[in-house]
Amino acid sequence: MEEYPEELRSPPVSLVAVVGCGELHQAITTHLHSQQPPINSLALPDVSKISFLISPKPKTDSSSSAAVGILKRDWLQKHRTRIPSVIAALFTSDRISGDPAQWLQLCSDLEELKASIRARNIRLVLVVVHSHSKDDITEDRMLALRKRAEVDSKYIITFSQNDAFELKQSLHRLGSIFAELANTYYKDEGRKIKTKIEKKSFSSIELSIRYCFKVAVYAEFRRDWVEALRFYEDAYHALREMIGTSTRTTIQRLVEIKTVAEQLHFKISTLLLHGGKIPDAVTWFRQHNTWYKRIIGSPEAVFLHWEWMSRQFLVFAELLETSSIAIPTISSVIVGTAERPLTEWEFHPAHYYQLAAHYLKEKRSSLEFAVSMSESLGEVDSSAESVVPSTYVGQFARLVEQGNAHVMQPLTDDEYTRYAVAEGKRFQDSFEIIALLKKSYESYSNLKVHRMGSFCGFQMAKEYYGVGDFSNAKPLFDGIASLYRQEGWVTLLWEVLGYLRECSRKQGMVKDFIEYSLEMAALPVSSKTGDQLFGFKECGPAGPVSLQQRKLIHNEVFGFICGELELASSDESANLKVTVDNPLHLEIDVVSPLRLVLLASVAFHEHIVKPGSSTSITLSLLSQLPHTVEIDQLEVQFNQSDCNFIIVNSHRHSGALVDGHQGHRVETASSLSLSTNRWLRLTYDVKSDESGKLECISVIAKLAPHFTICCRAESPASMDELPLWKFEDRVETYPTKDPALAFSGQRAIQVEEPESQVDLNLGLSGPAFVGESFLVPVTLASKGHAVYSGELKINLVDVRGGGLISPSDTEPFSMDTHHVQLLGISEPEGEDESQQDTDKIKKIQESFGLVSVPFLKCGESWSCKLEIKWHRPKPVMLYVSLRYSPDSNESTAQKVNIHKSLQIDGKTAIMISHRLLLPFRQDPLLPSRIKPVNDTDQSPSLPSNETSILIISAKNCTDVPLRFQSMSLEVDGDDFGNSCSVQHGGEDLSDPALVVPGEEFKKVFSIIPKTNSSKIGLGNVCLRWRRDSGLDEQSGTTVNSVLTKQKLPDVNLEVSPLVLRLDCPPYAILGEPFTYFIEIQNQTQLLQEVKFSLADAQSFVMSGSHNDTVFVLPKSVHVLSYKLVPLASGVQQLPRFTLTSVRYSAGFQPSIAASTLFVFPSKPHFKMIDVQDKRIKSLATE
Amino acid sequence: MQFFGSSDISPSPTVPTASGNNAHMMYVFNRNGVCLLYREWNRPLRTLDAQQDQKLMFGLLFSLKSLTAKMDPTTAEKGNLGVPQLPGQGCSFHSFRTNTYKLSFMETPSGIKLILVTHPRTGDLREPLKYIYNLYVEYVAKNPLYTPGTPIRCELFNTSLDQYVRSIA
Amino acid sequence: MIVCVAVVGHQNNPLYIQSFTDADDALKLHHIVHCSLDVIDEKVNNPKKSGPTLNETFLGLLYPTENYKVYGYLTNTKVKFILVTTDLDVKDADVRNYFRSFHAAYVDAVSNPFHVPGKKITSKTFAERVTNIVKSFGFSSAA
Amino acid sequence: MAAIYSLYIINKSGGLIFYKDYGSAGRMDTNDSLRMASLWHSMHAISQQLSPISGCSGIELLQADTFDLHCFQSLTGTKFFVVCEPGTLHMEGLLKHIYELYTDYVLKNPFYEMEMPIRCELFDINLSQAIQKDRVALLGR
Amino acid sequence: MAPVAPRSGDAIFANVERVNAELFTLTYGAIVRQLLTDLEEVEEVNKQLDQMGYNIGIRLIDEFLAKSNVSRCVDFKETAEVIAKVGFKMFLGVTASVTNWDADGTCCSIVLEDNPLVDFVELPDTCQGLYYCNILSGVIRGALEMVSMKTEVTWLRDMLRGDDAFELQVKLLKQVPEEYPYKDDE
Amino acid sequence: MGREVAESCVDSILTEMVSTYCNRFYANKPELAARRIEAIGYQVGHQLSERYTMERPRFNDHLEAIKFICKDFWSELFKKQIDNLKTNHRGTFVLQDNKFRWLSRMSIDPSENGDLSQDNPEAAENKAAQMTSMHLYFPCGIIRGALSNLGIPCAVSADMSNLPACSFVVRIKA
């Protein structure tokens, strides 16, 4: 499209001219330009210049030039740039109103102007420029001026520029007048020619065409697209008639016609497209195409035709592309006439680019032919350079100078042809073609139209290939090949591979070359598909698709592989030969196209095997290569490398083959020949000692001393058909004879662990007790085989899943956050501690332990103890697992695992409780008692500075006997030491007390709180105990004696204002009176008024006031005394005494126990007195 | 009474079951004397155990055949008594009657022997036996689950047989 | 005249392709056939475009190349028949008839127990039948 | 046309004591006839064994493809049977009659030894007359 | 009594339940193909087909007898005729002809011009030596054996191998009379 | 109307085919036998669907295809349509034939036992059930073949809980 002249490419714009008053031109032209539609304007300083502009119209009109040509080359340009439709003459007002001389001058100018434009009846406008507003022109002057100029009054306008507004006004006025006049001008011009057409007043078709063209152009000037279109089409049709009429058109004639047709077509389709009538445009183009496609013209210049065709497509493609609205909308509306509907692609530029390229190729070939002809004729086109386009569109002439003038001299056809050929030779078409193809390739790809796209790509690649640009060609080819592979278009693939093969050959890429060759050799081209013979020229470097060809390639590539052949590369630098120093190794995996070449399916006969026991494995190889292939050696590789083995072909076997595979098993096969599409089935035994997965990874086939193919092993079960061959009608056979294996065979099996020859057991003695460090003996005895590098894993897991950790804040014992804790692993006795070094016990955490087991010979055993401590009662799962290897060398031998688990409950062994007692027969009045609230909730109160008694009892709630070694009350630090004195009743237990299950052990402490703080902590009870392990008292008592601590609750302290003490003899004798003292001690500084009363008791007669009120002085004791005579023997209730403190308005009584007395019937006689009354005394005193 | 595997296979006409239990029992033997079927509807008297009974029945038929073949007064050339016969060869018989029962007998060229024992007054049962043979074809021979030469265990056959036999005789 | 007929499997793999021209543009025809699959895809994937011929087996004109017309036919089993012809004005009826008889031939071919579905059609009888159909193409609604 | 092909008389132990053929094709020799008799004897017995209902007295009529066989057994166990064309009537009557002849002319014959083959022309004569009469009777209808 | 004349094959075929031949043809084809893949050797397939045919024959004979009132098959000649004329017709809907009787009437040919088994069938090159229709010979053999004729059936012509018709040669080896099966004869 | 053959041809060939695979080839490997029988059915179904969909517009969705199977396809094979089609609209369809021809003659007598069936009756029962199911692999294969040829990969199983009615369950592979 670019090569078209501007005036053709864009729609014409009406042209006007302004003369005089140069200073205004700038303003005017810019204004006109800004008009809608815009107007181009020529500006002339003064009238005299007009003559240059408007050449006097050549009188010799059409009649003579009839035969010469169709369209004048310059006509359109002339009308767009040189011949104005309107001329505006600008005069300053003073020239009109000025002196006569000026007036005359003006008149003459006018005359001249009129003269020059009359011929072309260009419209005239007079513009009177008012320099300054005040002066005005007399009416008669204006009239005169009008007369002179012979213009209608409305075409004389005044142009005032005093201020912006007026200027604008006048510019606007001017503009509109210009528009109007231009319009009329073009209309008239058009009409004039139209009439000519209508009354057929023309000598030749050329003229009619030319007229139509002109009318159309004029219409375009007026933006009357419809008319323009109509006349362009008329012109176009007329042109076709011309071809029809003019029999045997000469080359040049044809060239001219086509050129014109091209222009007309361009105009038409542009108009259509811009009118948004895409389908019409497309159909139009299709017609255009069909009309001219056949008009090839004379053979020697046929390339011109192809070039022209190509250009048509190119241009149309570009038009389509530029008329952007097109692409999205159309695909939804497929219109077109019923009988020949438009198809999808005709709306895509890609389609046209592709065809453009297609024709350009045609052109190239025919041009090459023409060139070769001309060269063979030995013509030297001397004349070429002097050939130039002539005055008519699509015509050429020789420019010869006669004297100083140049004259156009028509050419003969073959002169022209020679010229054209010479021209043609100057261009390198290939790149043009590639460019075109690229365009369509890309746009197809954008449309996701892959096949079309890749077809273009293929042509591109071929072009690249043609110009020797392999680096560009190869990737393209590769992409296309993959598409064809995937869809199984063998014939097409074959062609592409052929190119690829050559590319890699040229580029000296040995590996690629061989891969491509092998693939081709293995392609599913049977004799059947082969019978579709292709002409050689078309089917690329690979030659025709056929079995024979495959065989040829096979032979070639194998010759090459075996190093017999050299690869003839374009660049000789690379030595392209498979030799020792550059061996070749191909990998074939499941997706590789080379699966055709070699396919390895491997099936174990079992799914699971015992270690060390052998199972058979069947490997089946399949190849589609046309000739039988002898394999030198096969190497089968497993994930367990020591299972790998090698199969050597007994025929080809030479020592060299098994190089570097020492230590690997080597089998010998009678023959390893792969014939086409026949499974080569081999079955061997495999033995693995290592448990776990045994998988066949790959099979490496050595086809030549320096050529190997590594084939990924596939399971028959999961083997999909070969790519490409899967579409071929061909006998299907299973990789294995056994159908079951063929369907379910796997390339991997499970090797079981060797069952362990060691037994591991956990000895357990009953439940564990909280606090004790519990010992779980672990013994392992190897029966079958020795134990190397064994290690023992211990795990403690809460049975109820919950972790063993407890949130420490709720934890009184903050030092251990674990409820259960693995303390240690003690080596068996007898082994000295030095064994216990770091590397042995790997690590011990709270709930995890790892210990290494020493080497055990077969039959030996080893044991250790797990030391576990419970801080909370909790059932726990104990997992112990042994992992070891049954034979010495670490690396190869695989480990054996044994697992044991055991549930252990941790129980609390001992329940500790306590009781507090006040001293005997002494009752402090405690204010807290006064308000008689239920004592349970509040902590008990103690009188300070009074001795109280604390009884602690510990109950054995296990089901085994325990020995209590000591029980002590341990004050926890701080002030307690001096705040309260504690005497243990009795000393540390000399021999540990045996406490049978359920039994309770008590101990009494007396406490005297000496502080005046209101609260006091009684400290912790510390109980040291152990299991009663029958005899062995002394052995390791320290070790496993447990210290159970329990904090006693705090107690309140109170100073008691009054203390009541009862005093009477330890016992009484029936009938014998005794004295019963009641001391009321006032511990306060206040005078205490107390009421008391003494109730009667039927077993005593008493004297003394029964009730009274007394005042007890501060810090003093008031003593009441009574005489009592017991009337009954035995334990008798003394008269109840009740005291009421007025101040505290609280009464209280000694406890019943405190006020009982034993009455002997008669004076007792005691043996072993001292003991007796020691006890009695002690009783009494406390 | 022609019978073809016309899609619906209920023997026509079905007679009210009230009529007939004058059929007593039915035997089917194949060419090798295997009792493919013994079906019994009404048999107060049973002297022998099943095996014996069937054997005896087959023996009777076999002998009677050879007897009739020998006795055949219409042909001069007949082998000695008891020469082996091809099924359908020689003169056979199709029924005999005692005072207590009537036995109808049919043998196909393929050696299938159908024996129907009915009330002595029952008429000619050759056609019904043909019909039963058709039942045999439909439900036994064409039953994919049936293995030729083995005892017949075909529900469909039994039911349709019962139904049909009730309708005849 | 018909220059090429093809059967393309539902994986767009060629099952049968036969050209009836002088050999040297057979390969081009293969390309054309292959490219025409794009159009079929287009038609099938968004049927709205193909308007009335929605899921009709006959797909009509696929696309015109410079010298050929390509017609398509898509069976219920996603097998495509493609016809490449050189004549410029072809009667739809003829093409339909052609495809109908072609389809029949195809069905018989794949009914051969030894034909594995989805594989190339190598039947000779099929080839002969096709040739006959092609020969009789355009002559009334024969074949 | 011979309605009746042959007549057999078998004694209680299955021995053939009388056999007369009235022109059946290929009449059989004595051995055969003897064998036939004993065979029939046993068949007759078996048929009783196989009866579904008690009180069976053996085969009375056997319908073969080409002939009928009517059999009458006297309480003494002697069996008379005639082989005749299929569907021939009145054979029971005939057999009864023959039984009477047998009692009159065979049993009452002082020279006849029980269970032995019958050789009495009186019997033969009357028999043939009876057969004739029967034929006539047949023809009569 | 005289045997009822066998009914004509067409009459029977008109009466029996029928199905599309396609189903039959394709099913048989599929079976043969499957056998080929499973057994690989063509010879083995022939054997199996014959065996299957035999098993079918021994069942089918009863249906044949029941529906065509054939009450006796004692004479080989007429039996062969009946099989060809009635049997083939009533099952396959095609008529076969019996020809090439040898002198002593123990060997003849059954000729089939039309055979639904082989519609659509084309033997691949790899299956030369396959008697595609071998099941037929089996059926005939089995059926005849049930009417106590031991025969040997072989293919003389096979359209799939390019012959103009299918020809089966049926050779009567011997007729086996019925023996009393139980040895203990009381 | 194309050519026809007697139904018993098909019946007997099927019977024999099944017993060949179940009792002779893979007597002890029922799953292998089943696979073969299904494969045979698959091929047949594949080819038949090719045949019976000629001259008919392409199906828009799975349901149409299934309906085709139920109506035209089925009547081609059995001269009757599927009696009842159910679906869960999530790719599972249940096609029920109230009187499935190929089962119409199948029966064994459960009551029979003792001298006739050596093994105990329910064992015989199971055996029979197994054999019956073997016969059903073929029609399952047919359906699967037909559908997959119509571009609907699926799994088909049969349910014969209430003979002679038989329902085929089609599960379309997403």
Side-chain angles (χ1 to χ4, degrees), chain E residues 9 12-35 37-39 44-45 47-64 66-67 87-94 114-117 119-120 135-136 138-139 142-143, chain F residues 1-26 29 32-52 54 72-80 101-102 104-105 137-139 141-142 145-146 149:
Chain E
I12 307 173
F13 188 65
N15 279 311
V16 293
E17 197 62 20
R18 296 182 303 277
V19 293
N20 294 346
E22 291 147 1
L23 176 59
F24 176 59
T25 312
L26 296 179
T27 307
Y28 181 66
I31 292 172
V32 175
R33 210 204 90 257
Q34 189 61 47
L35 286 176
T37 34
D38 289 346
L39 306 174
E44 183 59 20
V45 175
K47 215 167 106 274
Q48 288 302 339
L49 285 176
D50 179 72
Q51 180 58 48
M52 294 174 77
Y54 175 84
N55 296 345
I56 293 174
I58 60 178
R59 285 170 176 268
L60 216 51
I61 181 65
D62 278 310
E63 180 175 9
F64 169 71
K67 291 183 180 174
F88 274 90
K89 184 67 190 179
M90 76 179 264
F91 288 117
L92 296 183
V94 299
D114 182 13
N115 177 356
L117 275 182
D119 294 352
F120 326 124
I135 198 153
L136 289 182
V139 173
Chain F
M1 190 58 243
R3 81 194 291 174
E4 293 188 319
V5 297
E7 188 187 26
S8 41
C9 294
V10 176
D11 293 351
S12 38
I13 197 116
L14 289 184
T15 306
E16 184 49 32
M17 179 264 287
V18 171
S19 77
T20 301
Y21 272 104
C22 295
N23 305 337
R24 290 204 273 129
F25 291 178
Y26 302 109
K29 298 209 203 72
L32 278 185
R35 191 194 287 254
R36 296 300 195 290
I37 296 167
E38 209 269 355
I40 293 173
Y42 181 89
Q43 178 175 342
V44 176
H46 204 276
Q47 291 168 328
L48 285 177
S49 64
E50 198 71 65
R51 222 161 243 293
Y52 297 152
M54 273 174 82
D72 314 51
F73 192 81
W74 213 253
S75 12
E76 288 281 3
L77 294 191
F78 302 111
K79 298 190 161 56
K80 80 185 279 295
R101 275 205 93 79
W102 290 343
S104 62
R105 294 193 180 77
Y137 279 110
F138 182 72
I142 289 191
N149 196 18

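Computation of the quantities below employed the complete heavy-atom set of this structure, encompassing side-chain atoms and omitting hydrogens, waters and symmetry-equivalent molecules. Throughout, protein chains are lettered first and strands after them, A, B, ... in sequence-line order, and every chain is numbered starting at 1. All figures in this text were calculated on a predicted structure; none of them were measured in a lab.
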TODO: Please determine if F/R35 and F/E38 form a salt bridge, counting it only when a charged side-chain N lies under 4.0 Å from a carboxylate O.
DONE: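 Salt bridge absent between F/R35 and F/E38.
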Open item on the list: Whether F/R101 and F/E7 form a salt bridge (side-chain N of Lys/Arg under 4.0 Å from carboxylate O of Asp/Glu) is what I want to check.
Closed with: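 So F/E7 pairs with F/R101 through a salt bridge.
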Task: Heavy-atom pairs under 4.5 Å with chain E, option from F/V44, F/I37, F/D11 with the top count - done: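 Of the candidates given, the most pairs with chain E belong to F/V44.
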Task: Among the listed options F/I142, F/T20, F/L14, the residue most often paired with chain E at heavy-atom distances under 4.5 Å - done: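 Option with the greatest count: F/T20.
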- [ ] Establish, from distance only, whether the side-chain atoms of E/Q48 and F/R24 form a donor-acceptor pair under 3.5 Å.
- [x]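 A donor-acceptor contact under 3.5 Å links the two side chains.
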Task: Any side-chain donor near an acceptor of the partner, F/Y52 and E/E22, under 3.5 Å - done: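 On atom types as modelled, these side chains qualify, holding a pair under 3.5 Å.
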Where does [X] contact chain F at under 4.5 Å (heavy atoms): side chain, backbone, both or neither?
{"X": "E/L35", "result": "both"}
{"X": "E/L60", "result": "side chain"}
{"X": "E/V139", "result": "neither"}
{"X": "E/F91", "result": "both"}
{"X": "E/M90", "result": "backbone"}
{"X": "E/E63", "result": "side chain"}

- [ ] Name the region of F/T15, side chain, backbone, both or neither, that has any atom closer than 4.5 Å to a heavy atom of chain E.
- [x]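 Contact with chain E involves the side chain of F/T15 alone.
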Open item on the list: Need one label for F/F138: side chain, backbone, both or neither, based on atoms under 4.5 Å from any heavy atom in chain E.
Closed with: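 For F/F138, side-chain heavy atoms alone lie under 4.5 Å from chain E.
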- [ ] Please indicate whether E/F24 has more than 12 foreign heavy atoms, meaning atoms of other residues, nucleotides or ligands, lying under 6.0 Å from its CZ.
- [x]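 Yes.
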Task: Under the salt bridge (Lys or Arg N to Asp or Glu O under 4.0 Å) test, residues paired with F/K80 that sit two or more places apart - done: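 Only F/D83, F/D97 meet the salt bridge (Lys or Arg N to Asp or Glu O under 4.0 Å) criterion with F/K80.
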Task: Geometric class of the F/F25/F/Y21 ring pair [parallel <30°, tilted 30-60°, perpendicular >60°] - done: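 Perpendicular, since the angle between the ring planes exceeds 60°.
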